[in-house]
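In what follows, every heavy atom counts, from backbone to side chain, and hydrogens, waters and symmetry copies are set aside. Given the structure is predicted, the values throughout are model-derived calculations rather than measurements. Protein chains get the first letters and strands the later ones, always in sequence-line order, with residue 1 at the start of each.
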2 protein chains.
Amino acid sequence: MTPDPALLETTRCLCLASRRAARTITREFDQALRPHGLRATQFTLLAALHLAGPKSIGELAELLSADRTTLTRNLAVAEQHDWVVLRAAPGDARSRIAAIKHRGTRALAAALPAWRETQRGLGEKIGAPAAASLRKLAGGPCTAAPSSSKPERIPRKRLSKSRAAIRHQTNHPVNR
Amino acid sequence: MTPDPALLETTRCLCLASRRAARTITREFDQALRPHGLRATQFTLLAALHLAGPKSIGELAELLSADRTTLTRNLAVAEQHDWVVLRAAPGDARSRIAAIKHRGTRALAAALPAWRETQRGLGEKIGAPAAASLRKLAGGPCTAAPSSSKPERIPRKRLSKSRAAIRHQTNHPVNR
DNA sequence: TACATGTACGTGTATCTACACTTATCTACG
DNA sequence: CGTAGATAAGTGTAGATACACGTACATGTA
């Protein structure tokens, strides 16, 4: 099987690059925040809520450039930790407003030094230009990225294998 | 609740920036690859296997700067799609070698034009300097990022609430 | 050779991410 | 007022990510 030379260009994939960078950076922050009981995602969520004040789920999703349903799940986690509270919007029964709670603020404050140190170290390691570039890529400080128009939904091809529990069954001799 | 001004700096969080960028970019690639039945992660995985040839799970994890157990799961998905095959290493019964299969190569080839177009468009949109910076951040083309020393494992704080099925129970009036 | 140690990997659990679909509510217009 | 269309959100499903822990195998040393 001769590797297609045309595939060489895939080593420059920007998606891979962004994901690798995010994985590596996230691991570092998660490590640093671990003693304080929250991860990077939850830290970000709490910080955003603290700074921006109570926000609906949709607003929060746009603020963080995440899918709305992702925010629903992430907020559920924060709610279980008693970091945030979700209540119906006064004027619109469809909307739910998320607000940070006392415990959330406390967790945030406790984790802040570790975050700051990690942020400082990483900024130093990658250099100011790379940091600036990364922020620019993300769409500025907590500013919604330009989502422009909704792309047409193309259904994803699925396995015929039904949704039969992803058993990850293996034939590995180990652990059998 | 007055927002702590000290938290303003968290809007410059490099972790948030990298994750936001990765989310946005991944969505774009996933959209483009959807008609071909694979996502960015699987595309990357197949491309890496095609270019690098058969590789053990550990090697692959390092190559892609991902956790080894993550690769185990991702490879299981690829295996279910019949894109790759996993077999025991000849010299070492502990190790499993992943190799791309015919169907994997075909899927890769079919998706390549869409990938290329997305890559081109994104590169144009963010500009060459940002693209270069992103690749540098990721650690170069499929070169393992410097993992240096293993950090000490600090156990994560957990909810006392046991692992009681993440029911995401809500008291939202909607959908009841 | 027997055993201590290290290595490669799988599994359980939790979280993060997003698409497809559905429900409830709101708004505009007749 | 009534209803069609728009809007906000929840749920089912699937995949991506990684930590904690356990198992099987390899290797070096007494």
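Atom CG in B:L60 sits about 15 Å away from atom C1' in D:dT17, given to the nearest Å. A straight line from CZ of A:R73 to P of C:dT13 spans 20 Å, rounded to a whole angstrom. Straight-line distance from the CG atom of B:D67 to the C1' atom of C:dC16: 15 Å, rounded to whole Å.
For C:dC9, the OP1/OP2 oxygens have no side-chain nitrogen or oxygen of B:T72 closer than 4.0 Å. The shortest distance between the side-chain N/O atoms of B:R39 and the OP1/OP2 oxygens of C:dT17 is not below 4.0 Å. OP1 or OP2 of D:dT7 has not a single side-chain nitrogen or oxygen of A:S95 nearer than 4.0 Å. The side chain of A:S56 places an N or O atom within less than 4.0 Å of a non-bridging phosphate oxygen (OP1 or OP2) of D:dA9. Listed pair A:Q80 / C:dA14 fails the phosphate criterion, with no side-chain N or O lying under 4.0 Å from OP1 or OP2. Regarding contacts with the backbone of C:dT17, a side-chain N or O of A:N74 is found under 4.0 angstrom from either OP1 or OP2.
B:A66 comes within 4.0 angstrom of sugar-phosphate atoms only, judged by non-hydrogen atoms across all strands, and of no base. Residue A:T70 is classed as a base contact, given a heavy-atom separation below 4.0 Å to a base. Heavy atoms of B:T26 sit nowhere under 4.0 angstrom from any nucleic acid atom. B:T69 comes within 4.0 angstrom of a nucleotide base, judged by non-hydrogen atoms across all strands.
In the helix from C:dT1-D:dA30 to C:dG30-D:dC1, the terminal helix axes, each the rotation mapping four pairs' C1' atoms onto the next four within five end pairs, subtend 0°, rounded to 10°.
Between the CG atom of A:L137 and the CD1 atom of B:I25 there is a distance of 5.5 Å, given to the nearest 0.5 Å. Expressed to the nearest 0.5 Å, how far CD of A:Q119 lies from CG of B:L16 amounts to 9.5 Å.
Taking the nucleotide of DNA chain C with the nearest heavy atom to each of B:D30 and A:Q42, the more 5' of the two is matched to A:Q42. Each of B:R27 and B:E59 was assigned the nucleotide of DNA chain C with the nearest heavy atom; the assignment lying further toward the 5' end belongs to B:E59. Ranked by how close their nearest DNA chain D nucleotide is to the 5' end, B:A40 and A:R68 are led by A:R68.
By the 30° and 60° cut-offs, the orientation of the rings of B:W115 relative to B:F29 is tilted.
Taking B:R68 as the reference, nothing meets the salt bridge (Lys or Arg N to Asp or Glu O under 4.0 Å) condition, with sequence neighbours excluded.
Judged by distance alone with a 3.5 Å cut-off, no donor-acceptor contact links the side chain of B:R96 to the base of C:dT7. Residue side chain A:R19 does not reach the base of D:dG15 through any donor-acceptor N/O pair under 3.5 Å, judged by distance alone. The base of D:dG15 has none of its N or O atoms less than 3.5 Å from a complementary donor or acceptor on the side chain of B:R34.
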Could I get a table of every N or O pair under 3.5 Å where one atom is in the protein and the other is in nucleotides 26-28 of chain D?
residue, atom, partner, partner atom, Å
D:dA26, OP1, B:A93, N, 3.2

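Of the charged side-chain nitrogens involved, none lies within less than 4.0 Å of a carboxylate oxygen, so that B:R120 and A:E9 do not count as a salt-bridged pair. Between A:R23 and A:E28, none of the side-chain N atoms (NZ, or NE/NH1/NH2) sits under 4.0 Å from a carboxylate O, so this pair counts as no salt bridge.
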